[in-house]
Amino acid sequence: MEKQEMVDSEALYRRGVETGFTEPPPRKVMSPLIDVHTHAGVGSDTPQLLAAAQLYHVARLVTIAALQESLELAGRYPGRTVPAATLLYEHRQEADRFAAENIELLQAGEAAGLRVVKFWFKPPFNVRMNLKLDDRRLDPIFAEMERLRLVALVHIADPDIWWIKYYSDRSIYDTKEVTYLQIEHRLSANPGVPFILAHFGGDPEHLDHLDRLLSTYPNLYLDTSATKWIVRELGRQREAAREFCQRWSGRLLFGTDQVVINHSEPARYTSRYWIHQVFWETDIVCPLPIADPDSEGQPLIRGLDLPAEVLAAIYHDNAVRVLRLPDV
Ligand SMILES: [Zn+2]
């Protein structure tokens, strides 16, 4: 095999900054990308996000919003967005009503093209709603998801440092370790539901933990979303991260967690797609061009330089298979 040219980090970085990240470097793989984790809305700067996606060869975006808004987006941008919805929690105290309302939502959604249900079950949600993912009130909802072949996208945990900064009060919050029990129970209770655990399973700090989860639960997948966090933690352990991505290439899905806002700064969406591209595809070492409040010192990108076949699986093939998408 020919030896790959090492990337000229400084030139690549400078070019990116100078162009507002509007000129993506050449891609390492031909297949179009599917971004399985974005937040978009009808009244916001969604066209700017879609334009950035197009520049970076991202053909489809799973857009998380309330069901009607998500479906409306799919109607407005045919073939570009895949609807993802959140459940209704207002009547969670009345188990039957809670189940009935959400089963109705799932059925109506599925008939209109819904593929993904988002569960934002991070610690403050668990506390505020007094609800965990293994709660029996969710049993009929997951049973219906299995019947309708819907995918669960779950945000379960935050960076380790957040347990020091925000979740240190043990009278309110569980430890990070305990917080994972709810997803483990749900994974084993519903083996027919594919679960995508967002943000590298919420634990890019501990690849050994993710190894164990992926080995134990064949219905578990991870997405690559949360740009700063993923780049920070995987870049810190490059060799282990590269090896992990190769070993689990069939279980990782590309996602960014781009969040559409109003009046976004010009490079908001392009910079994040650029960061993901150079991080996964090259061995660049350069400053991270967006702020990272959780970084100790200057945040850096240390690229993983993944092989093309691994990238094709993560960028495209796994999403087509897991989300049952028409191929693009
Ligand atoms: Zn998100």
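These numbers come from the heavy atoms of this one structure, side chains and all, not from hydrogens, waters or symmetry mates. We count ligands from 1, going down the list as the structure has it; atoms in each ligand are counted the same way.
Summary: OD1 is the N/O/S atom of Asp257 found nearest to the Zn ion (ligand 1).
In summary, of the residues considered (Thr46, Val260, Asp257), a side-chain contact (heavy atoms from CB on, under 4.5 Å) with His39 occurs for Asp257 alone.
For residue His37, an N/O/S atom approaches the Zn ion (ligand 1) to within less than 2.8 Å. At a threshold of 2.8 Å, the Zn ion (ligand 1) has a backbone or side-chain N, O or S atom of His39 nearer than that distance.
Between Phe142 and Phe195, the ring center distance clears the sub-6.0 Å criterion.
Arg128 and Tyr89 share no donor-acceptor pair across their side chains, judged by distance under 3.5 Å alone. In this model, no donor atom of one side chain and acceptor atom of the other lie less than 3.5 Å apart for Trp229 and Asp158.
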